[in-house]
Every structure is written in structure tokens, then in C-alpha cells.
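Report on the following structure.
Keep in mind that what you see is a predicted model, and the values were worked out from it rather than measured. In this chain, residues are counted from 1 in sequence order.
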Amino acid sequence: MSTHELYTIPAELSTWDVEMAGSARFTWEYDDGRDRMLALYQKGKDKQWDSVKRIDWDIEVDPYNVLGVPDNTIAIYGTPLWERMGEKQRQEVRLHGAAWQFSQFLHGEQGAMICSARIVESVPDLDSKFYAATQTMDEARHAETYARFLKEKVGLAYPINEHLKALLDSTLSDSRWDMPYLGMQVLIEGLALAAFGVMRDITTKPLPKQILAYVMQDEARHVAFGRMALRDYYKNLSETERREREDFVIEGCYLMRDRLRGRETWEALDLSKQEVDEAMGHVDQSDYMRLFRSLLFSRIVPCVKDIGLWSPRLQQAYADMGVLEMAGQNLEALMKQDEEIADKIDAERFTREEAERHEEVTETIAMAAD
């Protein structure tokens with residue numbers, strides 16, 4: 001089955017061409033690079049995994065209850081619009097919400113793969129090229145994983161959201177080598193990592209929990225890579241150069257915030273224009289969505305501060321978005337937690353599989369004895 005057959009609305013052209021500018025940079029310096037960057041590169045090599053083998057694809061998924069979370073996580077829950085819906089229409093709301101979210105994860109991962117390859121091409125330092133090459137493989141694996149999940153378990157997909165597409169366009173078409181870092185590693189990856197974390201922590205379903213935890217284990221390294229590279233480079237920016245990067249961050253954060261509204265999901269549900277507008281109003285006012293939106297910036301805001309983009313103007317933009325308090329988040333602790341959760345899921349699965357094998361052996365021995 002073609003992916004285009006899964007899309008709820010037409011995905012325009014089968015390919016999207018982004019005109020890129022800038023140089024492909026070679027370096028003839030092959031001596032050892034920065035110790036922390038090389039250590040991250042080694043970790044990137046050590047932590048490669050195969051989604052076919054590590055993820056238990058035999059687990060069944062109910063497409064009308066993908067995450068197994070209560071309905072009060074739906075923005076229109078408890079509203080007059082929700083009360084007017086029958087159970088069948090509510091099932092469609094659950095299905096389309098999950099399909100839209102995981103579709104944007106998928107498109108974002110392809111964007112990350114292309115941005116990583118762009119970093120390999122354009123960054124001047126060999127140690128950064130080494131690590132970005134491992135990240136390119138990570139992102140390919142993530143795109144493969146989300147594509148399979150949507151096709152085999154959800155059965156529905158959405159085209160790329162216009163706000164995510166706009167940020168990818170800005171990130172990839174900029175000729176400056178640091179912009180793929182800033183757009184992808186800090187903004188898109190930072191928001192995705194937080195979204196994955198919220199869903200990983202609330203889902204009661206084992207398959208999406210596995211997928212989200214394993215992807216997050218990789219993504220935490222990617223954000224660390226962006227922080228490391230940009231923190232060194234941004235120390236020496238002129239005031240004009242710093243302001244240009246801050247403008248990019250502010251615009252990108254507003255695009256990421258607006259991406260969460262997901263208007264296309266409501267339009268795909270055959271609601272009237274009045275009902276779509278009503279749903280969007282509830283999305284904007286929902287207490288859960290406000291909390292979710294705030295949590296999604298828990299990785300971006302401290303990272304932006306860490307790399308040295310922290311003028312009063314940028315802080316005011318975050319205050320206007322209601323996420324300035326996220327600057328106090330401890331990124332190192334969050335990354336360590338991401339590693340531990342993925343390792344714990346692996347350990348629990350190994351223990352369960354060992355117990356199942358032991359039970360099979362015991363039954364076989366008992367049968368032979370009879």
C-alpha cells in the first residue's frame with residue numbers, strides 16, 4: 001500500500017524540493033578533535049539499534065485507542081461539541097488525533113535526517129561531521145519506525161503540517177552552516193523530544209511506549225550535539241549576528257507553538273466550518289493544551305539559554321508565550337532520565353522474554369516426561 005493511500009488529505013507533490021545555498025566544506029585536519037564531541041560520537045556508534053529487532057512489532061494496537069490515555073487529554077473533551085458527538089465520532093477524534101501526531105513525528109524525523117546530512121556537508125569541524133553522520137543514521141531509523149507504526153498499527157496518516165514545513169524550509173535554505181543546528185537540533189528536535197516525553201510518560205500501551213522511549217534515547221544525544229557545537233561558536237558572534245539568530249529562534253518557536261493546534265485534523269473529520277472554528281477555540285483555551293504547550297518548551301528554552309542566546313528581547317518573547325519559567329529545567333538530568341527509561345524498558349522486556357522461554361522449556365520437559 002502506498003503511503004499516499006493513508007493520507008486523510010492530499011499530500012500535494014510526491015516530493016518537496018527545497019533550494020539550498022551554502023558550501024560543502026572539506027577539512028584536511030584529521031587530528032583528534034574536542035574530547036566531549038568525540039565521546040558523543042563514540043556513544044552514537046555504540047548506541048545504534050535495529051528497529052526490526054529491538055521493537056516488539058507483534059504487540060496489537062487499537063487504532064481508536066492508540067495511547068490508552070483518558071479522554072480529558074483531548075482538547076474538546078467536556079465541551080458542547082464533544083457532548084454532541086456520538087461514540088463513533090469520538091472514536092474518529094481519537095484516531096485522527098493520534099494519526100496526526102505520529103505523522104508529524106514521521107515528517108519531522110525525515111527533516112532531521114536531511115538536516116543531519118546537511119550538517120555533515122557544511123560544518124567545518126571533522127569531529128562534528130563524524131557525530132552528524134551517526135545522527136543521520138539515527139534519524140533514518142526513526143523515520144522507518146514511525147512509518148511502519150502508522151502503516152501497520154494506525155492505518156491513517158497526515159501530510160506535513162504547514163508550520164513544521166515552514167520551519168524546515170527556513171532551516172534548510174539558509175546558507176549559514178550553523179542554521180541547521182539551530183533550526184533542527186535546538187528547535188525542532190527540542191520540541192519533538194519534549195512531545196515524545198509527555199506521550200511516553202502518559203501512554204499505557206506498550207508498543208508506543210517502546211518506540212517513544214527508544215527514539216528519545218537517541219534524540220537526547222542530538223540535542224546535546226547542537227548545544228555543544230553552538231555554544232562554542234556563538235561565543236564569538238557579533239551583536240548583529242546574534243540578533244539574527246535570536247530573530248530566527250523567536251519566529252521558529254511561534255511556528256512550533258502554532259503547529260500544535262492541528263486545524264487539519266478537525267477539518268478532516270467532516271465537521272462544519274462552524275464546528276471546526278468551535279473546536280479550534282477549545283484547543284486554544286484548553287487547560288490541558290496550555291499545560292502540554294508549556295511542557296513542550298521544557299527542552300528548547302534551557303537549551304537556547306545554554307548556547308548564549310538570552311537577550312531581554314528573547315526572554316520577553318518566551319514570557320509572552322508563557323514558557324519563560326522553563327529556563328530553569330536541568331537538561332542533563334532530563335537526558336539521563338531518557339537513557340534510564342529506555343534501558344529499563346529493555347530490561348523488563350528481557351526479563352519477560354526469559355520467563356516465557358523458561359516456561360516453554362518447563363512445559364516441554366513435562367510433556368516429554370508424560
Side-chain angles (χ1 to χ4, degrees), residues 20-25 27 29 33-41 44 111-112 115-132 135 167-194 219-256 297-319 321 323-324 326-332 334-335:
M20 299 189 197
S23 302
R25 292 178 174 84
T27 177
E29 178 57 76
R34 292 160 288 186
D35 289 343
R36 287 189 65 199
M37 187 68 77
L38 292 174
L40 198 63
Y41 169 54
C115 285
S116 302
R118 179 78 169 138
I119 290 171
V120 173
E121 177 187 56
S122 62
V123 71
D125 307 306
L126 191 65
D127 53 3
S128 292
K129 290 180 184 292
F130 282 168
Y131 180 76
Q135 181 176 340
L167 183 52
L168 280 170
D169 195 2
S170 299
T171 298
L172 287 167
S173 59
D174 198 297
S175 62
R176 294 166 292 187
W177 68 261
D178 65 297
M179 298 312 282
Y181 278 105
L182 189 56
M184 177 52 66
Q185 311 290 85
V186 175
L187 300 184
I188 297 176
E189 294 270 34
L191 185 127
L193 192 55
E219 300 290 9
R221 295 195 305 275
H222 303 167
V223 174
F225 173 46
R227 288 170 60 206
M228 203 178 302
L230 294 180
R231 191 166 46 206
D232 293 343
Y233 179 60
Y234 284 178
K235 289 176 183 176
N236 302 312
L237 291 182
S238 68
E239 189 57 39
T240 299
E241 291 170 329
R242 189 179 305 279
R243 187 178 183 86
E244 289 172 349
R245 271 69 174 181
E246 290 182 345
D247 287 341
F248 182 86
V249 167
I250 292 170
E251 181 183 357
C253 285
Y254 276 116
L255 284 170
M256 290 293 92
F297 282 87
S298 63
R299 311 278 181 137
I300 292 177
V301 177
C303 187
V304 169
K305 181 180 180 181
D306 183 67
I307 62 178
L309 301 181
W310 201 241
S311 69
R313 187 170 60 96
L314 185 57
Q315 293 179 52
Q316 184 58 53
Y318 282 142
M321 293 181 207
V323 298
L324 182 61
M326 291 298 170
Q329 291 288 318
N330 186 328
L331 286 173
E332 300 296 336
L334 290 171
M335 288 166 54

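For Gln329, the CD atom is densely surrounded, since the number of other residues' heavy atoms within 6.0 Å is greater than 12. Dense packing is recorded around CG of Asn330, with more than 12 heavy atoms of other residues, nucleotides or ligands lying under 6.0 Å away.
Atom-to-atom distance recorded for Glu246:CD and Leu314:CG is 5.0 Å, nearest 0.5 angstrom.
Between Pro180 and Cys115, the shortest heavy-atom contact is CB-O, 4.2 Å.
Using a 4.0 Å cut-off between a side-chain N of Lys or Arg and a carboxylate O of Asp or Glu, Asp127 and Arg36 do not qualify as a salt bridge. Using a cut-off of 4.0 Å between Lys/Arg side-chain N and Asp/Glu carboxylate O, Arg176 and Glu241 are scored as not salt-bridged.
Between Glu189 and Gln135, some side-chain heavy-atom pair lies under the 4.5 Å cut-off. Side chains of Asp306 and Trp310 form no contact here, defined as non-hydrogen atoms less than 4.5 Å apart.
Of the possible polar contacts, none joining the Arg299 side chain to the Leu191 backbone as a donor-acceptor pair under 3.5 Å is found. Proximity of a side-chain donor or acceptor of Ser23 to a complementary backbone N or O of Arg25 within less than 3.5 Å is not detected. The main-chain N or O of Ala229 is never found under 3.5 Å from a side-chain atom of Arg34 such that the two would form a donor-acceptor pair.
Close placement of the Phe225 and Tyr181 rings is indicated, their centers lying within 6.0 Å of each other.
With sequence neighbours excluded, no residue forms a ring pair (Phe, Tyr, Trp, His ring centres under 6.0 Å) with Phe248.
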